[in-house]
Amino acid sequence: MKIKFWLLDLNYEFRNGIPEVWLWGITSDERRILIVDRRFKPYFYAVLKGDVNAEDIGNSILRLFPRNVIGFEVCERKVFGKNVKALKIYCSDPDRVDDIASKVKGLPNILDVYEYDIRFTLRYLIDNGIRPCGWIEVDCEPLDGYGNVKVDSIYLALDKPISIEDPSIPKLKILGFWFICLSSSGSPKPEKDPIIVISTIDGDGVEKMFTVGEDLSDLNILKRFIDYVNSYDPDIIVSYGSNSRLIPYLLERARRNGLKLCIDRVGSEPHTSLYGHISITGRINLDLFDFADEFQEVKVKSLENIAEYLGVMKAEGVIEDFEVQDYWHDPNRRGDLYRYSMDNVKRIMGVYRAIIDFAIQLSYLVGLPLDFIGTAAVGFRVEWFLIRNAYRFGELVPKRKEVLYQPYAGAIVLQPKPGLHENVAVIDFRSMYPSIMLTYNVSPDTYIPPEEPEPQCGVYIAPEVKHRFKRDPPGFYRDVLKTLIEVRDNIRSVIKGLSLEDPLYKVLDARQKAIKVISNAMYGYAGWIGARWYIKPVAEAVTAWGRSLISNTLKISSEIGLKVVYGDTDSLFVEYKPELVEKLLGRIRSELGFEARVDKVYVRILFTEAKKRYCGLLEDGRLDFVGLEVVRGDWANVAKIAQERVLEIIMHGEGVNKALDFIRSFIGRMRKGEIPFKEYIIWKTLTKDLSEYEVKAPHVEAARILKEKGFSLSLGDKVGYIISIGTGKLYERAIPYMLASKDQLDVEYYISNQVLPAVSRILEVFGVREEQIMSLGKTKTLTDFFKPKVSGKP
DNA sequence: GCTGGGCTCTTACCC
DNA sequence: ACGGGTAAGAGCCCAGCG
């Protein structure tokens, strides 16, 4: 019989000497099924020396490893674009492929071995051309003997699964959860601190809450939680921080209580996978924290901040770990704990709804299961996408090598013309780096090293660096990028015909966004020394062509008399004279062979002397803040608020005097203590282990204090601290914000080292020096603002 | 012993 | 554990100083 299903998750089991791939699926009539495929065998490639008899070598390998090697095929493949003769060597045990490959590598007439490090389940997906979060059809028959598996039906695959193009998504059963623990000091420790409330919400909005009694024994609530998960039987279990914190905590609490946390579909506990995330067999363990990086505007990546940013819920009523005991021991406030726990599940469900379409499409495009895709760093997302395409291209996947880091030149950034400019158009090249790779066939398999002769087809030569790339045939990157662009254009034209309410709209829009993300990350991948396909000249050539594009555009601008005020990498900021701008775009198209467009027009734009920092007023009255303190996460809010307000005043033409009035009154309010404590917190990331810091720094000292008090901190965490009154270095005066109070704040430090630098950076452009801001001396008049003078720099 | 200039370390941004 | 280019503050070092 033929079964069509949507692939949720997969794993493999080694049973009776046969590797079985288990495909967890959902059918269109919403049955949960398991398909077992015993037909797929693990393998690796051995590339042979040119003049040998492949059959003989294959047979000798068969004889050498009678139990482990079960067959071979002779085949033609490519290694960095060069044709090679290879043996595809099939093994019996997926876990021994690595080992056999390394032994085969040592045999005579073998040049090298490949693809022994591609995981079996991913190998299965790639070779069958099927994708997680996609529809699949397979010929199969019912299968018995898998009694402990919790699905509606189990089948044995009789043939290769086939991918079915169908963008629809079945109704998934979702369960969001959160819990709160009672710690006596610092962060809760699962070895001693019990869970006091577990809250859940399902996909239909049904809320459940499990609470402990006065005895603080969490045995019972863990049991009830486990039972509930199993009876609801979700496809996706979603939370925030599940991989690093929540599930490990639950596992340890269960263990302490003599329980097994059996919440998967085979009756076992969650386990850590090779990729570092926690796997719940047959379900998706979705950790929304893994997607927090997508929201660059949110600086402190807490659940409440992400949820607020996405418009789910205000970041209010938050109860921090160290405050839990106060609430618990106060009968009047215990309810607040329960409310907060449930609020967090509401936040989780809201964030889930905001990201799930994108996550599903990224999983589909890249081919990594939904629970890996979030955990995978950008480089690995690109890489798995490439590996899948390499198979199609006949290119063997190179192994990762240790490569020496060698920096290379990047993009051009122009010195901005400081001051206020009116009517400025931002011209940018559309997807500059991907376009360059496409146009000049820049790819690891088209690169011609200096010692090699020029091929028949001719070469493209990169400016400055002179790296050469074959004109033909299309390289691996060109092929992949071309497909991505075609698919994206296609989707965008389909979307245009859909109404916003059409369920397909959301799906397809998410898909085209996923494609864009991967396309734009290809250049970065190419220059990453950890990349399997890393070849420095590939990345170096891309930036060289980019620089020449920008400098040629500059030349054309000056030829046609269009003034340029700034530019960065793939953009030029020019005075907005529509006819001249059109002329420029036309010449870019005809003379340079690239597409550029007017990205936006600023009614007014302010540059300081610094690159990468400006503020622009858009036609609709909104302000763009770029690079300035306003958008940085490592300045106290007082500085950001003050700078933002000053820029509003200036950009809307209200004049320098009004800005000065504002600053003086703001500083006055700071001194009177009218600004809330939280606006003084400075957040900085711990980028290494505390012991590895070479110099003392405030956030590192604050982190040390926290650690001493029993708070757990790890790499990548943000530390919030304030600077307190006192003498000595800043790092001696830094106090973690949760241990500090308002009266300890060194307000004068914040005025002189946070607020004044942030606002004077702006006002300097108008000739206002920092000392003048505080003095009540003569200040500029309103008319001066319209004839801005640059401060007295050489 | 203190000061200030210059260098280094560190973080976070832009594209 | 995706690239290079850039700004900026605070720590740190040490020459120079009656």
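Keep in mind that what you see is a predicted model, and the values were worked out from it rather than measured. Reminder, nothing fancy here: chain letters follow the sequence lines and each chain counts from 1.
Using a 4.0 Å heavy-atom criterion, one finds that A:Arg547 contacts no nucleic acid atom at all. A:Tyr566 comes within 4.0 angstrom of nothing in the nucleic acid, heavy atoms only. Using a 4.0 Å heavy-atom criterion, one finds that A:Val382 contacts no nucleic acid atom at all. In this structure, A:Ala526 reaches neither bases nor backbone, as no heavy-atom distance under 4.0 Å exists between it and the strands shown. Counting any heavy atom pair closer than 4.0 Å across all strands shown, A:Phe429 reaches no nucleic acid atom. Contact annotation for A:Ala377: backbone-only contact, meaning every heavy-atom pair under 4.0 Å involves sugar-phosphate atoms and none involves a base. Within the nucleic acid shown, A:Gly530 has no heavy atom closer than 4.0 Å to any nucleic acid atom. Using a 4.0 Å heavy-atom distance criterion, A:Gly524 is classed as a base contact. Base contact: A:Arg632 has a heavy atom under 4.0 Å from a base atom.
Residue A:Ser571 places none of its side-chain N or O atoms closer than 4.0 Å to OP1 or OP2 of B:dC15.
Looking at A:Leu715 and A:Thr687, their side chains never come closer than 4.5 Å, going by heavy atoms from C-beta outward.
Ranked by how close their nearest DNA chain C nucleotide is to the 5' end, A:Arg761 and A:Glu732 are led by A:Arg761. Sequence order on DNA chain C of the closest nucleotides to A:Glu694 and A:Met522 puts A:Met522 first from the 5' end.
Between A:Trp533 and A:Phe476, the distance separating the two ring centers is shorter than 6.0 angstrom. Not less than 6.0 angstrom separates the ring centroid of A:Phe469 from the ring centroid of A:Tyr460.
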